[in-house]
Amino acid sequence: MSSVVATYILSALIFLPALGALIVSLLPKDNKDLIRFTTLIVTILVLLPTLLIAIPNGPISFDIAEPGMQHVVNNSWIPTFDINYFLGLDGISFPLVLLTAVISVFAMGASWSIDKYVKGYCILFLILLAGMMGVFMSLDFFLFYIFWEVMLLPMYFLIGVWGGPRKEYAALKFFLFTLFGSVLMLIAILMLYFNSDLRQLSPEQLVTANVKLYDLDAEINNTVANLVHEDGTSFDDEEYLAVATLYHTQLNDSVHPTHTFNILALQQMGQLPTQYDEKGNELLFDKEILFGKTIQWWAFVLLFIGFAIKVPAVPFHTWLPDAHVEAPTPISMILAGVLLKMGGYGIIRICYPICPDAGYDLAWGVCLIGVVSMVYGAFAALAQTDFKRMVAYSSVSHMGYVVLGLGVWSATPGALYDSTSWSMGVKGAMFQMIGHGISSAGMFFMVGIIYDRVHHRNLNEFGGLMSKMPLYTTFAMILFFAGLGLPGLCGFIGEAFVVLSIWKFSMVFAVIAAFVVILTAGYILWAIQRVYLGAEYKGPNEDEIVEIKPREISIALPLCIMAIVLGVFPSLIFRYMDATIDNQVQSLSTWTDEVKTPRLQALDDENKAKELIEAFEKLGQENVEANKQVLFVQPNEIEQEAEEQALVKIEDKLQVSLPSD
């Protein structure tokens with residue numbers, strides 16, 4: 001694909017919703033149906049390019065065999081600080097872009113129940129869609145952060161204006177939690193940016209990272225201009241490498257570091273062996289800054305907290321139940337189906353590739369957070385009497401599988417650097433995000449359908465809906481069983497892969513993760529029993545309970561079909577992510593073998609040497625003093641005998657052989 005076509009397609013996914021918001025703002029506010037249909041058409045137009053990319057063997061099809069970035073757009077935006085309009089798709093981002101487009105269409109279809117300030121609602125909805133697309137496609141850290149923040153205000157107002165009775169409280173809580181995470185992310189971004197240096201990368205790494213090469217001087221600009229083909233297509237690898245080599249030479253002539261926001265370049269730097277300057281000081285992200293921890297260690301912690309808030313993982317989850325309960329149904333669909341996935345995306349795209357040293361050290365902590373989220377969310381869901389709050393806590397539990405799968409760093413020396421289990425965990429986490437995006441959006445839609453009729457969500461007052469709404473009940477059971485993780489539906493594959501992947505890492509965690517499936521079955525089946533299979537309905541507005549409408553069927557039916565199809569044919573999703581995830585996991589496994597293990601060995605040797613010296617000095621001195629009191633020999637003979645005895649004791653203790661001299 002030519003760079004011009006790629007620019008148009010990927011930019012359309014972001015700016016078409018923004019243009020749609022502008023068009024909607026010009027429509028008369030009293031014509032609500034026109035506003036709704038215009039917004040729906042815009043979401044469908046956003047969906048179409050993603051479907052064209054997904055369809056095999058087309059002119060813009062996604063290449064499933066390519067592990068790197070595709071359809072790359074890299075245009076200079078703020079060249080002074082190397083900030084670029086840098087977009088791309090790979091096997092990690094594209095499935096989530098496709099999910100975002102699909103769920104947005106269904107959420108807009110569910111928005112016909114919104115009758116207050118329809119024009120403002122639709123404008124904010126489209127701005128939110130633009131921000132979500134930008135997050136998943138941005139490869140410039142500064143641009144990524146802008147789109148991350150763009151989502152904040154629309155969601156705040158969509159909850160705060162169109163939400164339930166406690167909407168202001170829920171919206172403010174969402175805003176403060178997300179803003180807190182954003183501040184931590186910004187600190188980490190600045191830490192990484194001001195310690196980055198493109199001079200440390202080779203020309204091949206500059207090419208792999210799609211670094212902007214023609215911002216340095218006129219000579220490189222002219223070289224690039226001559227290598228761009230007349231039809232606008234990008235020059236081939238050899239030509240690109242030639243320019244990168246020239247660019248690399250120019251970089252090395254500079255006495256100052258060349259900082260970058262390029263996420264792919266930061267990934268390359270994070271996985272380099274420790275670099276030193278001429279004075280022996282660590283370069284890049286291996287400098288110690290606080291409590292003996294490095295820049296990348298603290299960056300990982302800050303970024304992980306920021307993304308864990310969005311997941312959300314325990315203990316950063318408390319904003320989610322309130323936001324879900326008070327948000328209108330279509331916004332709950334977006335929140336559960338797409339926004340939560342941005343946390344998992346950030347962890348897999350940014351945390352581990354850029355900060356692998358900290359990711360390795362904190363693997364047990366990440367996995368523990370995932371397990372605690374799974375168990376806590378399941379028990380909390382069991383305790384709920386509010387139908388929507390129960391589904392909200394189920395999201396906390398299900399997203400715990402995502403955190404657990406991403407944290408399974410099983411490519412260790414003890415496992416002979418076998419990356420199979422880790423790859424399975426990451427793929428399971430990715431599939432869990434897709435499957436949960438479908439099932440959770442469907443479950444919230446099902447709750448919204450009955451709430452629009454009876455205006456309450458008390459589980460203890462429901463009952464007998466199957467006899468009153470048999471078609472609705474059929475759709476609801478399919479989607480709830482998908483959330484349960486029933487084999488043959490979309491919720492099973494991801495959870496199964498995560499449980500299998502954790503076994504080599506920790507059998508205890510694997511057993512707990514498998515046990516959570518029982519808890520999930522408990523709250524799902526109990527809810528189905530109380531709502532759909534109970535003896536009779538006991539709540540208010542019983543006369544309003546009528547069968548599902550055609551518009552509602554047009555949303556529920558495709559969601560059910562997707563839940564079944566992805567459960568039976570998971571390869572439809574795995575085919576897009578396999579090459580990219582395998583490449584990333586293998587790269588980090590190689591880093592573990594070639595960089596992390598020697599670091600750990602050197603640290604172990606250093607600690608053992610310190611222990612040896614301390615033990616030698618202590619035992620040697622004790623023997624000298626004791627022998628001086630008992631034996632009448634020369635002091636030098638006493639010291640020699642004491643040293644020999646000390647060496648024997650140390651050898652026995654440390655099980656090492658020491659030189660006699």
Side-chain angles (χ1 to χ4, degrees), residues 20-21 24 27 29-44 102-129 154-167 170-171 322-339 386-389 391-392 440-458 462 465 468-469 471-473 475-476 479 531 539-560:
V24 168
L27 298 178
K29 65 179 182 179
D30 295 332
N31 196 336
K32 296 180 180 180
D33 283 339
L34 177 61
I35 294 172
R36 293 186 184 112
F37 276 111
T38 301
T39 307
L40 180 61
I41 290 171
V42 172
T43 61
I44 293 174
V102 170
I103 297 300
S104 296
V105 172
F106 293 145
M108 189 57 224
S111 297
W112 255 249
S113 59
I114 302 296
D115 199 51
K116 180 178 70 172
Y117 307 133
V118 175
K119 185 175 182 177
Y121 172 88
C122 291
I123 291 173
L124 291 172
F125 185 94
L126 291 173
I127 295 174
L128 178 64
L129 175 57
M155 183 58 72
Y156 170 77
F157 286 112
L158 288 168
I159 297 174
V161 176
W162 289 273
R166 299 174 71 243
K167 56 190 178 184
D322 293 312
H324 267 313
V325 167
E326 301 304 325
T329 296
I331 301 308
S332 288
M333 294 172 66
I334 289 287
L335 190 58
V338 180
L339 257 67
D386 185 297
F387 201 2
K388 201 173 186 182
R389 188 175 286 270
V391 178
S440 64
M443 288 191 289
F444 278 112
F445 182 59
M446 293 295 108
V447 175
I449 287 176
I450 191 62
Y451 178 78
D452 288 341
R453 287 158 170 75
V454 300
H455 304 292
H456 81 90
R457 296 184 297 264
N458 190 338
F462 282 112
L465 292 187
K468 299 176 180 294
M469 307 172 67
L471 185 57
Y472 161 77
T473 301
F475 291 143
L479 293 168
V531 175
N541 303 314
E542 185 175 0
D543 295 339
E544 299 296 325
I545 300 177
V546 295
E547 185 56 281
I548 188 171
K549 300 175 182 177
R551 177 183 61 81
E552 296 166 335
I553 293 174
S554 67
I555 300 169
L557 180 60
L559 286 171
C560 290

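For Y156, the ring-ring contact (aromatic ring centres under 6.0 Å, His included) test picks out F175, with sequence neighbours left out. Annotation: ring-ring contact (aromatic ring centres under 6.0 Å, His included) contacts of F37 (sequence neighbours excluded): W112. S332 meets the side chain to side chain donor-acceptor pair (under 3.5 Å) test with K388; sequence neighbours excluded. Partners of N458 by side chain to side chain contact (heavy atoms under 4.5 Å, CB included), not counting sequence neighbours, listed by chain and number: T385, H456, N460, E461. Not counting sequence neighbours, the partners of L557 by the side chain to side chain contact (heavy atoms under 4.5 Å, CB included) test are F475, I553, I561. Residues forming a side chain to side chain contact (heavy atoms under 4.5 Å, CB included) with A170 (at least two apart in sequence, or on another chain): I159, D322, E326. Looking at residues two or more places apart in sequence or on another chain, you find a side chain to side chain contact (heavy atoms under 4.5 Å, CB included) between D115 and K32, R36. Under the rule for a salt bridge (Lys or Arg N to Asp or Glu O under 4.0 Å), the partners of K468 that lie at least two apart in sequence or sit in another chain are E542.
Annotation: side chain of M446 is not in contact with side chain of V391 (no heavy-atom distance under 4.5 Å). Within the 4.5 Å cutoff, the side chain of M108 has no heavy atoms near those of the L129 side chain. Between K167 and W162 there is no side-chain heavy-atom pair separated by less than 4.5 Å. Side-chain contact between F387 and V531 is present, with heavy atoms from C-beta onward closer than 4.5 Å. A 4.5 Å side-chain heavy-atom check between V454 and P540 finds every atom pair outside the cut-off.
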Side-chain donor-acceptor pairs under 3.5 Å in residues 118-125, sequence neighbours left out?
unit_1: K119; atom_1: NZ; unit_2: S25; atom_2: O; d: 2.8
unit_1: K119; atom_1: NZ; unit_2: L27; atom_2: O; d: 2.8
unit_1: Y121; atom_1: OH; unit_2: S111; atom_2: OG; d: 2.7

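Atom CD1 of I555 is separated from atom CD1 of I103 by 10.5 Å, given to the nearest 0.5 angstrom. Here the straight-line distance linking atom CG of L559 with atom CZ of F445 works out to 8.0 Å at 0.5 Å rounding. In this structure, L339 CG and I331 CD1 are separated by 9.5 Å, a value rounded to the nearest 0.5 Å.
Within the structure, the side chain to side chain donor-acceptor pair (under 3.5 Å) test picks out the following pairs touching residues 544-559 (sequence neighbours left out): R453-E552. The salt bridge (Lys or Arg N to Asp or Glu O under 4.0 Å) contacts involving residues 440-452 comprise nothing, where partners must be two or more places apart or lie in separate chains.
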*Going through the checks in order, is the side-chain contact (heavy atoms from CB on, under 4.5 Å) test met by T329 and V447?*
CA-CA 8 Å; T329 296; V447 175; over 6 Å; no
_Verdict with supporting geometry, F462 and I450, side-chain contact (heavy atoms from CB on, under 4.5 Å)_ = CA-CA 10 Å; F462 282 112; I450 191 62; 3.6 Å; yes
